[in-house]
> 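This is the structure I have questions about; it appears just below.
In this chain, residues are counted from 1 in sequence order. What you see is a predicted model, and the numbers here were worked out from it, not measured in a lab.
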Amino acid sequence: MSNDFRFDKDFSRSVSNVLNNTQDYDLDLQFYMTNHCNLSCPGCYMHANPKLSRNIITSGDVDFYLNEFSTVPGFYETVVFTGGEIFNEALINLEGSAHNVLDRGWHLQLKTNGSWVAKPELRNSVLRMLDRLQPGRGMLASQEEMEKFLSCFPKRFLRLLGRDNVKKLLFKFMPTASLLDLAVSVDDKLHPVQSADWFADIANMLSYDKDLRNKINLKTFTLYDSYDFFVNHVLKNPKIKSAVKNVKSHPESGCMTYTVNGKMVESFFGDFVDTAKVPEFKKISEFVLPSVDGDTKGRLVYCFHPDRTVGLDSCYLETVGRVPYIDENGKRKTFAQINEDIQKKLIQDYHQATK
């Protein structure tokens with residue numbers, strides 16, 4: 001544990017300020033739908049594997065908390081479904097939850113390891129499910145495009161309304177892109193080398209499918225340590241090499257963009273977090289991630305888990321501050337109650353850690 005940890009003299013007030021002033025932060029909602037996975041990747045932050053429970057968060061739980069978060073200041077109407085591997089099975093439940101998000105006109109991201117594409121029967125089931133989803137369209141422009149557009153507005157106007165408020169209006173009323181992402185993990189450090197082939201097959205399928213190519217935004221996630229692997233085994237993959245065009249690097253955001261058969265793909269690169277070496281508890285300030293656009297104080301991600309607990313997420317420290325979201329009577333807790341429980345848990349953990 002770092003020495004500066006004990007320098008925080010007023011931890012309880014810090015926790016209260018963050019959790020009770022959500023309008024000061026960008027809020028995202030993330031559901032770890034299942035702990036079950038067909039793979040046993042060594043760096044899995046959820047420690048998912050084939051032996052774990054096949055339980056999946058119910059559509060009822062998802063819809064209840066979509067209603068709760070719809071009234072929370074700071075919520076950006078962005079929801080992530082991840083795991084475990086969400087496309088292993090129980091697609092009916094997953095599809096119901098996906099409809100619950102998309103029918104509201106919100107942005108949904110489906111995270112996958114992509115292995116389903118190598119199993120014909122499962123691949124067909126996943127594609128049928130994706131085909132039935134009906135995402136809306138919203139402002140999902142790049143940071144560069146957004147800043148260019150905002151530069152057209154008088155500065156006095158932006159100051160009067162607030163840049164964040166203007167961006168939210170643009171996001172809702174200026175349709176440019178689908179509100180459905182398919183995010184594929186492509187790596188040789190955390191995932192099998194075959195992940196490059198799986199992604200190449202997915203990119204080919206989506207880029208050739210007239211409906212899905214416009215319905216789904218295709219993204220990938222890779223470690224910086226696997227950057228060379230990505231270039232050599234994805235961009236130069238024999239299955240898509242001739243189809244990859246317009247490769248552009250965006251180092252300021254850790255992103256690369258390119259097209260596959262004319263379909264835009266975004267690839268993001270990040271650092272590896274060795275959970276075995278991360279302290280079990282950190283200051284509340286380390287839960288608040290810097291905002292991507294720099295216009296707000298930070299970002300809070302509320303993560304719901306298949307064991308019916310919820311906590312704050314930062315660098316995959318989901319265990320910190322996690323509390324049940326079902327009360328002793330079996331009823332779902334409100335967002336306000338969950339926030340209060342998390343606050344008490346964080347303060348309790350802090351006092352235990354500083355004894």
Side-chain angles (χ1 to χ4, degrees), residues 18-33 57-82 86 94-111 130 133-143 145-147 149-150 161-183 214-219 253 266 268 287-304 310-314 325 332 334-336 338-339:
V18 170
L19 296 182
N20 297 325
N21 295 294
T22 56
Q23 70 273 10
D24 294 336
Y25 301 94
D26 297 340
L27 262 63
D28 288 339
L29 183 55
Q30 189 156 291
F31 291 94
Y32 286 88
M33 302 301 290
I57 296 179
T58 69
S59 184
D61 285 358
V62 171
D63 206 34
F64 179 87
Y65 286 107
L66 297 183
N67 284 331
E68 283 289 301
F69 273 76
S70 67
T71 64
V72 178
F75 180 50
Y76 259 40
E77 299 183 352
T78 297
V79 181
V80 176
F81 289 168
T82 184
I86 62 172
L94 179 66
E95 182 177 346
S97 296
H99 282 299
N100 286 344
V101 177
L102 296 174
D103 288 350
R104 298 166 182 264
W106 292 1
H107 180 197
L108 173 64
Q109 182 171 110
L110 303 173
K111 286 190 174 181
L130 294 175
L133 298 180
Q134 296 299 323
R137 303 185 74 80
M139 188 69 175
L140 296 178
S142 68
Q143 176 65 17
E145 292 168 328
M146 178 72 80
E147 292 301 329
F149 187 83
L150 288 175
L161 293 182
R163 288 174 66 89
D164 279 351
N165 291 330
V166 173
K167 285 189 177 184
K168 287 180 181 179
L169 288 172
L170 293 175
F171 187 86
K172 289 185 177 180
F173 300 115
M174 293 189 63
T176 59
S178 172
L179 290 173
L180 177 60
D181 293 349
L182 184 65
N214 294 319
K215 180 182 288 188
I216 296 175
N217 307 311
L218 185 57
K219 303 178 184 294
S253 57
E266 293 180 288
F268 297 88
F287 284 96
V288 185
L289 305 185
S291 173
V292 173
D293 57 30
D295 284 339
T296 55
K297 291 185 178 178
R299 175 170 166 256
L300 291 174
V301 186
Y302 284 82
C303 295
F304 288 75
V310 59
L312 297 177
D313 177 72
S314 176
Y325 66 77
R332 303 180 185 97
T334 63
F335 172 78
I338 285 174
N339 246 18

> Mind checking the CG-CZ spacing from Asp26 to Phe75? Nearest 0.5 Å is all I need.
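Separation between the atoms: 11.5 Å.
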> Can you list the residues that meet the side chain to side chain donor-acceptor pair (under 3.5 Å) rule with Glu68, with sequence neighbours excluded?
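Residues passing side chain to side chain donor-acceptor pair (under 3.5 Å) with Glu68: none at all.
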> Specify the closest pair of heavy atoms between Met33 and Val62, including all atoms of both residues, with the distance to one decimal.
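Reported closest heavy-atom pair: CE-CG2, 4.3 Å.
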> Which atom names give the shortest non-hydrogen contact between Arg332 and Gly60, and what distance separates them?
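Minimum heavy-atom contact is NH2-C, 3.4 Å.
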> Within the structure provided, determine whether Val18 and Leu300 are in side-chain contact (heavy-atom separation under 4.5 Å).
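A side-chain contact exists here, since the closest heavy-atom pair is under 4.5 Å.
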> Can you name the side chain to side chain contact (heavy atoms under 4.5 Å, CB included) partners of Ser59, sequence neighbours left out?
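Result, side chain to side chain contact (heavy atoms under 4.5 Å, CB included) vs Ser59: Ser97, Asn100.
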> Just verifying a value: how many Å separate Leu108 CG and Leu180 CG, rounded to the nearest 0.5 Å?
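Here the interatomic distance stands at 5.5 Å.
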> Holding to side chain to side chain contact (heavy atoms under 4.5 Å, CB included), I want the full list of residues that pass it with Asn20, two or more places apart in sequence or in another chain.
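Asn20 satisfies side chain to side chain contact (heavy atoms under 4.5 Å, CB included) with Ser16, Gln343 once adjacent residues are dropped.
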> Within the structure provided, determine whether Gln30 and Thr82 are in side-chain contact (heavy-atom separation under 4.5 Å).
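Counting from C-beta outward, Gln30 and Thr82 do come under 4.5 Å.
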> As an exercise, state the distance from CD1 of Ile86 to CG of Leu110, rounded to the nearest 0.5 Å.
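Going from the CD1 atom of Ile86 to the CG atom of Leu110 covers 4.5 Å.
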> Residues in side chain to side chain contact (heavy atoms under 4.5 Å, CB included) with Asn21, at least two apart?
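Expected list: Asn17, Gln23, Asp24.
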> State which residues pass side chain to side chain donor-acceptor pair (under 3.5 Å) with Asn67; sequence neighbours excluded, sorted by chain then number.
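Counting only residues at least two positions away or on another chain, Asn67 forms a side chain to side chain donor-acceptor pair (under 3.5 Å) with Arg104.
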> Could you work out, with ring pair (Phe, Tyr, Trp, His ring centres under 6.0 Å) as the rule, every residue matching Tyr65, not counting sequence neighbours?
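Residues passing ring pair (Phe, Tyr, Trp, His ring centres under 6.0 Å) with Tyr65: Phe304, Tyr325.
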> If the condition is side chain to side chain donor-acceptor pair (under 3.5 Å), which residues does Tyr302 pass it with, not counting sequence neighbours?
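With sequence neighbours excluded, Tyr302 shows a side chain to side chain donor-acceptor pair (under 3.5 Å) to Asn339, given in chain and number order.
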> What distance separates Tyr25 OH from Leu19 CG, expressed to the nearest 0.5 Å?
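That separation rounds to 9.0 Å.
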> Only counting residues at least two apart or in another chain, list the ones meeting side chain to side chain donor-acceptor pair (under 3.5 Å) with Thr58.
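With sequence neighbours excluded, Thr58 shows a side chain to side chain donor-acceptor pair (under 3.5 Å) to Asp61, given in chain and number order.
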> State, to 0.1 Å, how close Lys215 and Leu133 come at their nearest heavy-atom pair, and which atoms those are.
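That would be NZ-O, 2.8 Å.
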> For Trp106 and Leu179, which heavy atoms make the closest approach, and how far apart are they?
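Scanning both residues, the minimum pair turns out to be O-CB, 3.6 Å.
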> Rounded to the nearest 0.5 Å, what separates atom CZ in Phe335 from atom CG in Leu29?
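Rounded to the nearest 0.5 Å, the CZ-CG separation comes to 9.5 Å.
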> If you take all heavy atoms of Ser178 and Ile216, which pair is closest and at what distance?
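What the structure gives for the nearest pair is OG-N, 4.2 Å.
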> Where do Val101 and His107 come nearest, in terms of heavy atoms and distance?
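In this case the closest contact between Val101 and His107 is CG1-O, 4.2 Å.
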